[in-house]
Q: 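Have a look at the structure that comes next, please.
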Amino acid sequence: MASVTYDHVVKRYTADLTVVKDFNVEIKDKEFMVLVGPSGCGKSTALRMLAGLEAISEGEIRIGDRVVNNVAAKDRDIAMVFQSYALYPHMSVYDNMAFPLQMQHMKKDDIDKRVKNASRILGLDNFLKRKPRALSGGQRQRVALGRAIVRSPKVFLLDEPLSNLDAKLRGQTRIELQKLHRDLQTTFIYVTHDQVEAMTMGDRIAIMNAGILQQVGTPGDIYDHPANLFVAGFIGSPTMNFVPATVDNGTAKASGLEVKLPKPVSAAKGTLGFRPEAVTDRVVEGGPTMKMKVDVVERLGSDQFLYGQVGADQVTARVDPRMSVQPGDTVQLGLDTRGLHFFDAETEKALI
């Protein structure tokens with residue numbers, strides 16, 4: 001088992017193309033860390049540098065206390081699971097899982113013991129003689145995980161491993177991966193563009209955008225205390241509401257809303273942010289209110305979302321599913337000020 005440290009790591013392909021910029025993250029031993037961000041943000045490149053599949057332009061990567069910049073990929077004692085599974089189609093499930101151990105010239109009895117153990121953990125005992133073409137997508141993914149498990153690596157690297165699965169199977173496999181992490185007690189580093197995966201799986205999350213690390217923290221910290229406008233908009237579904245506002249004497253004024261800010265801010269202009277669950281059908285006497293012209297009603301059983309116009313701004317509200325409302329209605333809504341954020345107009349950094 002081992003920690004992983006990115007120390008001022010840079011990946012530069014040309015003088016004009018830097019895809020990872022001054023990346024600094026310390027990943028604890030046995031931690032489940034998720035690197036998340038939009039496509040092209042540099043997260044997979046950061047993982048591939050750790051795996052030894054991409055050269056490092058600047059900085060250091062350490063596994064434990066060992067600097068691995070110039071260590072061959074096969075000697076880093078890590079295992080990587082790819083989006084494409086990368087299984088050998090002509091080999092059985094057993095042989096696919098045994099192959100990396102055979103390449104290490106391990107004894108046959110030891111190989112069999114490790115493969116059977118991984119198969120038991122992943123529920124693959126009934127599929128060991130099958131070829132990959134006879135398996136479902138979820139079963140193939142488990143075989144790819146099994147091939148990594150048998151090596152007993154210090155660090156597991158997973159690069160968008162669920163993106164080829166349907167929505168239901170992704171949900172099931174998320175749970176399986178969390179159980180697997182708990183059972184193996186090994187460091188997991190997981191790359192995804194799906195913020196739901198990041199929020200539900202990671203002990204901590206590192207959010208990237210345009211090659212730059214935006215924020216590192218627990219899912220709860222990042223959801224409740226986003227560092228900037230990008231993080232606030234990227235994390236959460238539906239996304240946070242953003243309305244342009246001016247500040248006068250501690251009150252933020254938008255086109256269809258006025259609200260007293262919970263603490264002073266230095267900016268006169270900025271963006272007021274509040275999540276859909278902060279907008280409620282319960283109007284508190286003396287509290288901030290807004291009138292919404294409802295465009296769309298989205299009923300999801302336990303939740304009901306209203307999408308509409310408040311003044312000149314688009315706002316999303318999460319209201320009681322029993323509330324009777326139709327598109328075209330104008331409704332009076334309240335705002336829970338405990339969920340307020342305010343972002344500087346120039347820097348986009350969170351001031352509240």
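Along the sequence shown, residues carry numbers from 1.
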Q: Any chain of hydrophobic side-chain contacts (each under 4.5 Å) joining Ile27 to Val67?
A: no
Q: Output, in order, the C-alpha distance, side-chain angles, deciding distance and verdict of side chain to side chain contact (heavy atoms under 4.5 Å, CB included) for Leu158 and Leu177.
A: CA-CA 10 Å; Leu158 301 101; Leu177 280 173; 4.0 Å; yes
Q: Out of curiosity, Asp329 CG to Leu306 CG, how far, rounded to the nearest 0.5 Å?
A: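 Going from CG on Asp329 over to CG on Leu306, the span is 9.5 Å.
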Q: Within the distance-only criterion (no hydrogens, no angle test), does the side chain of Arg76 pair as donor or acceptor with the backbone N or O of Leu50 below 3.5 angstrom?
A: yes
Q: Give a yes or no on whether Asp109 atom CG has more than 12 heavy-atom contacts from other residues, nucleotides or ligands under 6.0 Å away.
A: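 Counting other residues, nucleotides and ligands, CG of Asp109 stays at 12 neighbours or fewer.
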Q: Given the rule that I, L, V, M, F, W and Y join up when any side-chain heavy atoms are under 4.5 Å apart, are Leu101 and Met91 in one cluster?
A: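 Unlinked, Leu101 and Met91 end up in two clusters.
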Q: Hey, are Asp336 and Arg338 close enough for a salt bridge, meaning a charged N less than 4.0 Å from a carboxylate O?
A: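 Answer for the salt bridge query: yes.
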Q: If you measure only the distance, is there a donor-acceptor pair under 3.5 Å linking the side chains of Asn228 and Gln214?
A: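 Yes, a side-chain donor-acceptor pair sits under 3.5 Å.
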Q: Say you draw a straight line from CZ of Phe82 to CG of Leu53; how long is it, rounded to the nearest 0.5 Å?
A: 5.5 Å
Q: Would you say the side-chain atoms of Asp125 and Ser119 include a donor-acceptor pair closer than 3.5 Å?
A: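 A donor-acceptor contact under 3.5 Å links the two side chains.
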Q: Decide yes or no for Leu335 and Leu340: does some side-chain heavy atom of the first lie under 4.5 Å from some side-chain heavy atom of the second?
A: yes
Q: Do Lys116 and Asp112 sit within salt-bridge range, that is, some charged N less than 4.0 Å from a carboxylate O?
A: yes
Q: Is there side-chain contact between Asp303 and Arg318, with at least one heavy-atom pair below 4.5 Å?
A: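 Touching, per the 4.5 Å side-chain cut-off.
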Q: Side chain of Glu277, backbone of Gly339: donor and acceptor closer than 3.5 Å?
A: no
Q: Surrounding CD of Glu26 (heavy atoms of other residues, nucleotides or ligands, distance under 6.0 Å), is the total greater than 12?
A: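 Counting neighbours around CD of Glu26, 12 or fewer heavy atoms of other residues, nucleotides or ligands fall under 6.0 Å, so no.
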Q: Could you tell me the separation between the CD atom of Gln139 and the CG atom of Asn126, rounded to the nearest 0.5 Å?
A: 10.0 Å
Q: Give me the atom names and distance for the closest heavy-atom approach of Asn241 to Gln314.
A: OD1-O, 4.3 Å
Q: Asp77 vs Ile63, test: side chain to side chain contact (heavy atoms under 4.5 Å, CB included). Steps then yes/no.
A: CA-CA 9 Å; Asp77 200 9; Ile63 299 176; over 6 Å; no
Q: Quick one: does Ile61's side chain get under 4.5 Å of Asn69's, heavy atoms only?
A: yes
Q: Restricting to non-hydrogen atoms, name the atom on Ser44 and the atom on Asp159 that form the minimum distance, rounded to 0.1 Å.
A: OG-OD1, 2.9 Å
Q: Looking only at heavy atoms, what is the nearest atom pair of Val20 and Val9, with distance?
A: CG1-O, 3.8 Å
Q: Answer yes or no: are there more than 12 heavy-atom neighbours, outside Lys131 itself, under 6.0 Å from its atom NZ?
A: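 Check passes, neighbour count above 12.
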Q: Could you tell me whether the side chain of Lys28 reaches within less than 4.5 Å of the side chain of Asp203, counting heavy atoms only?
A: no
Q: Tell me the closest heavy-atom pair linking Gly202 and Pro219, and the distance in Å.
A: O-CG, 3.4 Å
Q: Where is the tightest heavy-atom contact between Thr271 and Phe242, given as atom of each residue plus distance?
A: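 Nearest pair, atom of Thr271 first, then Phe242: CG2-CB, 3.6 Å.
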Q: I'd like to know if the side chain of Thr5 reaches the main chain of Asp7, judged simply by a donor and an acceptor atom lying under 3.5 Å from each other, with no hydrogens or angles considered.
A: no
Q: Does Met33 reach the side chain of Val25, with side-chain heavy atoms less than 4.5 Å apart?
A: yes
Q: Closer than 3.5 angstrom, by distance alone: can the side chain of Lys43 be matched with the main-chain N or O of Pro38 as a donor-acceptor pair?
A: yes
Q: For Gln104 and Arg151, work out which heavy atoms get closest and say how close.
A: NE2-NE, 4.2 Å
Q: Following the transitive rule for hydrophobic clusters with a side-chain heavy-atom cut-off under 4.5 Å over Ile, Leu, Val, Met, Phe, Trp and Tyr, establish whether Leu17 and Val10 coincide in one cluster.
A: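 No, because Leu17 and Val10 fall into different hydrophobic clusters, even though each may have its own neighbours under 4.5 Å.
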Q: Only one of Gln195, Met240, Met199 forms a side chain to side chain contact (heavy atoms under 4.5 Å, CB included) with Tyr223, so which one is it?
A: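 Of all the options given, the one that passes is Met199.
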Q: Could you check whether atom CZ of Arg282 has more than 12 heavy atoms from other residues, nucleotides or ligands sitting under 6.0 Å from it?
A: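 It does not: Arg282 CZ has 12 such atoms or fewer within range.
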Q: Would Leu351 end up clustered with Phe230 when hydrophobic side chains under 4.5 Å apart are linked, directly or stepwise?
A: no
Q: Answer with yes or no whether the side chains of Asn117 and Arg120 bring together a donor and an acceptor at under 3.5 Å.
A: yes
Q: Is the side chain of Lys11 donor-acceptor paired with the backbone N or O of Ala55 at a distance under 3.5 Å, no angle test?
A: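 Checked: pair present.
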Q: So, using ring-ring contact (aromatic ring centres under 6.0 Å, His included) as the criterion, who are the partners of Phe274 when residues are at least two apart?
A: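 In terms of ring-ring contact (aromatic ring centres under 6.0 Å, His included), with neighbours along the sequence ignored, Phe274 is linked to no residue.
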Q: Please tell me if the side chains of Gln326 and Val294 come closer than 4.5 Å, counting only heavy atoms from C-beta onward.
A: no
Q: Looking at Ala312, is its backbone amide N or carbonyl O close enough to the side chain of Gln309 to form a donor-acceptor pair, meaning the two atoms are under 3.5 Å apart?
A: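 Yes, Gln309 side chain to Ala312 backbone: donor-acceptor pair under 3.5 Å.
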Q: Residues two or more places apart in sequence or in another chain: which of them pass ring-ring contact (aromatic ring centres under 6.0 Å, His included) with Phe99?
A: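 Counting only residues at least two positions away or on another chain, Phe99 forms a ring-ring contact (aromatic ring centres under 6.0 Å, His included) with Tyr88.
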Q: Donor-acceptor check, side chain of Thr173 to backbone of Arg170, threshold 3.5 angstrom: yes or no?
A: no
Q: Give, for atom NZ of Lys21 and atom OG of Ser57, the distance between the pair rounded to the nearest 0.5 Å.
A: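 The distance works out to 13.0 Å.
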Q: So, Arg48 side chain and Glu54 main chain: donor-acceptor pair closer than 3.5 Å or not?
A: no
Q: Please verify the inter-ring angle class for His181 with Phe188; under 30° counts as parallel, over 60° as perpendicular, anything in between as tilted.
A: perpendicular
Q: May I ask you to test the Ile111-Gln102 pair for a side-chain heavy-atom distance under 4.5 Å?
A: yes
Q: So Phe23 and Leu35, do their side chains get closer than 4.5 Å, heavy atoms only?
A: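 Counting from C-beta outward, Leu35 and Phe23 do come under 4.5 Å.
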Q: Hey, what's the ring geometry for Tyr190 with Phe32, parallel, tilted or perpendicular (30° and 60° as the breaks)?
A: tilted
Q: Is a side-chain donor or acceptor of Gln185 paired with a backbone partner of Arg182 at a separation under 3.5 angstrom?
A: yes
Q: To the nearest 0.5 Å, how far apart are CD1 in Ile149 and CE in Met97?
A: 7.0 Å
Q: Does the side chain to side chain contact (heavy atoms under 4.5 Å, CB included) test come out yes or no for Met80 and Leu47, once each step is laid out?
A: CA-CA 9 Å; Met80 190 161 181; Leu47 197 73; 3.7 Å; yes
Q: Counting only heavy atoms not in Lys74, do more than 12 sit closer than 6.0 Å to its NZ atom?
A: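 No, NZ of Lys74 has 12 or fewer neighbouring heavy atoms, counting only those of other groups under 6.0 Å.
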Q: For the backbone of Gly334 and the side chain of Thr280, can you confirm whether one donor and one acceptor N or O come within less than 3.5 Å of each other?
A: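 No; zero donor-acceptor contacts below 3.5 Å.
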Q: Same hydrophobic cluster for Leu162 and Leu184, using side-chain heavy-atom links shorter than 4.5 Å among ILVMFWY?
A: yes
Q: Could you state the interatomic distance from CZ (Arg174) to CD (Glu197), rounded to the nearest 0.5 Å?
A: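 The CZ atom of Arg174 sits 6.0 Å away from the CD atom of Glu197.
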Q: Got more than 12 heavy atoms from elsewhere within 6.0 Å of CD, Glu346?
A: no
Q: Just by distance, no angles: are the side chains of Glu160 and His193 close enough, under 3.5 Å, to form a donor-acceptor pair?
A: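 A pair is found: one side chain offers a donor N or O, the other an acceptor, under 3.5 Å apart.
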Q: Could you give me the CA-CA distance, side-chain angles and deciding distance for Val297 and Gln304, then say whether side chain to side chain contact (heavy atoms under 4.5 Å, CB included) is met?
A: CA-CA 7 Å; Val297 179; Gln304 182 170 218; 3.4 Å; yes
